[in-house]
Amino acid sequence: MGPEFFSLFHLERNRFLYLIITITFALIFVFQYFDLPYGNILVPSKFHAADLPPSAPEIYNNITLLNQTYPQHPFQKVSETKLYEKNNTISRTDIGVNLTRDVNNTYVNFHSPSVNAERFKPLQDDVNVISSNQSSITDTVLPKENKSSLVKVPDTISISEMDKLLLQNYASYRSTRPRWSSAVDQELLQARFEIENAPVVTDLGNLYAPLFRNVSMFKRSYELMEKTLKVYVYTEGSKPIMHSPYLLGIYASEGWFMRLMEANEAFVTKDAKKAHLFYLPFSSRRLEETLYDRNLHGHRNLVHYLNNYVDMIAGKHWFWNRTEGADHFLVACHDWAPSETKQRMAKCIRSLCNADLKEGFMLGKDVSLPETYVHAQNRTSDLGGKPLSKRKTLAFFAGGIHGSVRPILLRHWENKDPDMKIFGMMPKSKGNRNYIQYMKSSRYCICPKGYEVNSPRVVEAIVYECVPVIISDNFVPPFFEVLNWESFAVFVLEKDIPNLKSILVSIPKERYLEMQMRVKKVQQHFLWHRSPVKYDIFHMILHSIWYNRVFTARIR
Ligand SMILES: *[C@@H]1O[C@H](CO)[C@@H](O)[C@H](O)[C@H]1NC(C)=O
Ligand SMILES: *[C@@H]1O[C@H](CO)[C@@H](O)[C@H](O)[C@H]1NC(C)=O
Ligand SMILES: *[C@@H]1O[C@H](CO)[C@@H](O)[C@H](O)[C@H]1NC(C)=O
Ligand SMILES: *[C@@H]1O[C@H](CO)[C@@H](O)[C@H](O)[C@H]1NC(C)=O
Ligand SMILES: *[C@@H]1O[C@H](CO)[C@@H](O)[C@H](O)[C@H]1NC(C)=O
Ligand SMILES: *[C@@H]1O[C@H](CO)[C@@H](O)[C@H](O)[C@H]1NC(C)=O
Ligand SMILES: *[C@@H]1O[C@H](CO)[C@@H](O)[C@H](O)[C@H]1NC(C)=O
Ligand SMILES: *[C@@H]1O[C@H](CO)[C@@H](O)[C@H](O)[C@H]1NC(C)=O
Ligand SMILES: *[C@@H]1O[C@H](CO)[C@@H](O)[C@H](O)[C@H]1NC(C)=O
Ligand SMILES: *[C@@H]1O[C@H](CO)[C@@H](O)[C@H](O)[C@H]1NC(C)=O
């Protein structure tokens with residue numbers, strides 16, 4: 001069955017690649033001519049720093065980790081970034097770029113004009129707060145990788161087309177045939193059979209059927225994962241890039257996954273022969289922090305580091321060679337992760353926050369990783385929001401205006417309509433209260449892409465029980481393998497931003513009520529726990545990896 005399907009897939013992919021290559025060249029040509037001004041990140045100066053009360057960071061939760069106590073706050077990014085701040089200059093020695101803000105709160109690069117040609121982006125893409133003074137600016141600025149990510153392929157793949165593509169890939173795509181057979185291959189095949197023939201379940205426990213593509217299949221798959229799955233975690237590799245989870249900020253989910261996976265007793269095995277999956281425990285955040293050097297142009301040395309790591313483990317153990325990495329997986333949230341891992345790790349199951357179909361994300365193989373600030377989620381008082389009768393705002397967005405979509409959103413909706421609370425950055429408030437209050441009291445929370453497709457707003461909206469409105473073409477939402485996203489979220493194409501209000505208003509009240517109720521039901525799947533619990537975000541990430549392995553594995 002393999003070869004025909006495989007070549008069919010290749011045919012599709014070749015056509016797709018050809019399209020991308022053509023457009024890439026066209027765009028490179030255009031970009032070189034117009035030298036687009038990515039450098040200036042605009043911070044609307046609507047709110048004046050002087051009006052704002054100074055505020056101490058509010059401690060929401062303290063989680064003892066790695067022998068340290070971090071004060072945790074869902075949106076406070078100061079703790080992560082102030083390391084790099086000196087007066088009002090943001091200086092990152094590992095980048096070698098100095099940036100400051102001019103009187104209009106616009107970033108300007110004053111020390112090193114040559115970098116103006118590069119794209120800049122905040123390290124933490126989604127800053128939604130203007131700090132009350134310049135010494136606590138919450139975003140640092142990083143050059144943007146300037147290769148494939150510059151490509152903006154004009155056509156878009158809608159969410160329903162993604163559904164089709166996913167099913168098509170499950171039907172046709174198979175990973176590399178193992179070089180020799182192993183008992184685990186049979187177990188995977190058996191699991192696939194059992195999932196595809198799952199009995200229709202009536203006792204769902206705390207699962208809510210309408211959230212899932214097929215809840216019976218999900219439940220069976222999850223049970224089989226609990227019963228069967230064994231993961232081998234490589235011990236090779238030195239800190240900080242390997243084995244050293246980074247648990248804060250916008251990329252925290254990769255760190256939390258690493259921490260919980262390495263400590264896990266139920267799934268981890270030391271016997272590689274028993275392993276269905278092999279985990280490559282690196283942090284894309286630490287990789288950038290440790291090795292990025294802008295003088296080397298691009299991030300080639302980061303890629304080299306990962307390639308060398310693969311060479312090392314492939315030379316030392318037989319595990320890699322058996323499937324050329326197809327039974328290996330990585331979990332990486334950094335924006336650069338798709339391009340860092342597209343060479344030696346191309347066949348691995350890549351769990352990526354930057355789950356962009358236009359950046360090589362492969363439906364059915366790769367896994368969309370939720371982008372979340374990981375904390376405060378255990379305070380049940382913090383979950384949820386106002387009852388519907390008190391959700392007076394139709395739609396809310398606040399945040400940094402970067403990337404291509406947000407300026408358009410603001411142009412059409414900022415200060416245009418009292419129902420549409422669309423802002424740039426919000427003024428700092430104690431505990432980020434304003435931002436949270438808007439989320440808790442709005443019916444829809446707009447989640448437009450920033451520089452990259454993902455945004456922590458998607459999970460924030462779910463946490464505050466606000467129906468997410470995703471405006472990010474070609475973004476594969478988390479747990480897409482199993483969740484029926486359209487049952488609880490709204491997808492608006494970027495080109496439809498001018499119609500945003502009419503689209504939202506046209507959703508009947510009954511439909512809205514149903515979606516909002518489902519948002520509450522889906523919440524459990526997006527929460528982190530220090531000790532993972534059934535169906536939580538840790539297990540959902542692992543499950544999606546397992547599920548994709550099950551559906552793509554081959555036997556000898
Ligand atoms: C932080 O943790 C310690 C020890 O678990 C606890 O006693 C303290 O009350 C916590 N502080 C806050 C602000 O939650
Ligand atoms: C924990 O921190 C203390 C003080 O910083 C240090 O002496 C100790 O070695 C640390 N323990 C571990 C396990 O890292
Ligand atoms: C901030 O700037 C002042 C004057 O420019 C300088 O004296 C001081 O050392 C600077 N502080 C830091 C932390 O760089
Ligand atoms: C950045 O600023 C620091 C201190 O002002 C200076 O020592 C360093 O050379 C600057 N770096 C660049 C790349 O201009
Ligand atoms: C600041 O903004 C004002 C009004 O938009 C503009 O006239 C001025 O040139 C800007 N200043 C700088 C340094 O960009
Ligand atoms: C900036 O705010 C911090 C607290 O957020 C405060 O400690 C510091 O003194 C302020 N700096 C200035 C220049 O206002
Ligand atoms: C779910 O999958 C099972 C097993 O393939 C199938 O019998 C059942 O009809 C499916 N349910 C739905 C609602 O598609
Ligand atoms: C980024 O652009 C520079 C200059 O255009 C080029 O030298 C460099 O190789 C590019 N980096 C990547 C990763 O393509
Ligand atoms: C795996 O394959 C590579 C190249 O094909 C080879 O260099 C390496 O020695 C092999 N590893 C083992 C453990 O045999
Ligand atoms: C959250 O609370 C529950 C019950 O109190 C506990 O089992 C779980 O470990 C907590 N999770 C975190 C991240 O603190």
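Just so you know, residue 1 is the first one in the sequence shown, and it goes up from there. What you see below is based on every heavy atom in this structure, not just the backbone, and it leaves out hydrogens, waters and symmetry mates.
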Side chains of V231 and I545, heavy atoms from C-beta outward: is any pair under 4.5 Å?
no
State, with a plain yes or no, whether a side-chain heavy atom of S253 is found less than 4.5 Å away from one of W528.
yes
Does a donor on one side chain sit under 3.5 Å from an acceptor on the other, for Y246 and E289?
no
Y435 and F396: aromatic ring centres closer than 6.0 Å?
yes
Is R213 salt-bridged to D163, going by a charged N under 4.0 Å from an acidic O?
yes
Should L352 and L369 be marked as a side chain to side chain contact (heavy atoms under 4.5 Å, CB included) after you check the CA-CA gap, both sets of side-chain angles, and the distance that decides it?
CA-CA 5 Å; L352 302 167; L369 178 65; 5.6 Å; no
With a 4.5 Å cut-off on side-chain heavy atoms, are E226 and H539 touching?
no
No-hydrogen, no-angle side-chain donor-acceptor test under 3.5 Å, H525 and Y208
no
Would you call E223-R220 a salt bridge at under 4.0 Å N-O?
yes
Here the gap from L493 atom CG to T156 atom OG1, rounded to the nearest 0.5 Å, amounts to 5.0 Å
Yes or no on salt bridge (Lys or Arg N to Asp or Glu O under 4.0 Å) for E514 and R511, after CA distance, side-chain angles and deciding distance?
CA-CA 5 Å; E514 189 178 65; R511 170 77 182 137; 3.2 Å; yes
Closer than 3.5 angstrom, by distance alone: can the side chain of H276 be matched with the main-chain N or O of K230 as a donor-acceptor pair?
yes
Please walk me through it: do S442 and K421 pass side chain to side chain contact (heavy atoms under 4.5 Å, CB included)?
CA-CA 9 Å; S442 299; K421 303 289 187 206; 5.8 Å; no
Nearest 0.5 angstrom please: I541 CD1 to F257 CZ, how far?
6.5 Å
Check: F491 ring centre within less than 6.0 Å of F475 ring centre:
no
What about H328 and Y234, are their ring centers closer than 6.0 Å?
yes
Compare all side-chain heavy atoms of F479 with those of F526 and state whether any distance is below 4.5 angstrom.
yes
Do V550 and L224 have side chains that approach each other closer than 4.5 Å (heavy atoms only, starting at C-beta)?
no
Minimum-distance pair of heavy atoms, taken over all atoms of P448 and R457
CD-CD, 4.4 Å
Going by heavy atoms in the side chains, are I537 and L527 under 4.5 Å from each other?
no
Give a yes or no on whether the backbone of N206 and the side-chain of Q524 come within a donor-acceptor separation of less than 3.5 Å.
yes
Restricting to non-hydrogen atoms, name the atom on L394 and the atom on K501 that form the minimum distance, rounded to 0.1 Å.
CD2-CG, 4.0 Å
Mind checking the OG-CG spacing from S441 to L388? Nearest 0.5 Å is all I need.
11.5 Å
Using the six-membered ring wherever Trp is involved, compare the ring planes of Y547 and Y170 and label them parallel, tilted or perpendicular (cut-offs 30° and 60°).
perpendicular
Take F329 and Y279 through the test ring pair (Phe, Tyr, Trp, His ring centres under 6.0 Å) and record every step on the way to the result.
CA-CA 5 Å; F329 72 97; Y279 175 44; 5.0 Å; yes
Any chance you could measure N474, atom CG, to K449, atom NZ, to the nearest 0.5 Å?
7.5 Å
Testing the basics here: between C353 and N454, what is the closest heavy-atom pair and its distance to 0.1 Å?
O-ND2, 2.9 Å
Mind checking whether Y438 and F423 have side chains closer than 4.5 Å, heavy atoms only?
yes
Flag for S284-W336: side-chain donor and acceptor within less than 3.5 Å
no
Using the rule given for side chain to side chain contact (heavy atoms under 4.5 Å, CB included), can you reason through I159 versus F480, listing the C-alpha separation, both sets of side-chain angles and the distance that settles it, and then say yes or no?
CA-CA 10 Å; I159 194 86; F480 189 68; 3.7 Å; yes
Using the rule given for side chain to side chain contact (heavy atoms under 4.5 Å, CB included), can you reason through M217 versus F212, listing the C-alpha separation, both sets of side-chain angles and the distance that settles it, and then say yes or no?
CA-CA 9 Å; M217 285 172 73; F212 293 88; over 6 Å; no
So which atom in S216 and which in V200 form the shortest heavy-atom distance, rounded to 0.1 Å?
OG-CA, 3.4 Å
What is the minimum heavy-atom distance between P338 and R350, and which atoms define it?
O-NH1, 3.0 Å
CD/E371 to SG/C333 distance, rounded to the nearest 0.5 angstrom?
4.5 Å
Using the ring of W546 (Phe, Tyr or Trp, six-membered ring only), decide whether R549 places NZ or CZ under 6.0 Å from its centre and within 45 degrees of its axis.
no
All heavy atoms of I497 vs all of H412, minimum pair found to be CG2-ND1, 4.2 Å
Output for pair (L409 CG, I401 CD1), nearest 0.5 Å, gives 7.5 Å
Is the shortest heavy-atom distance from the side chain of P210 to the side chain of R518 under 4.5 Å?
yes
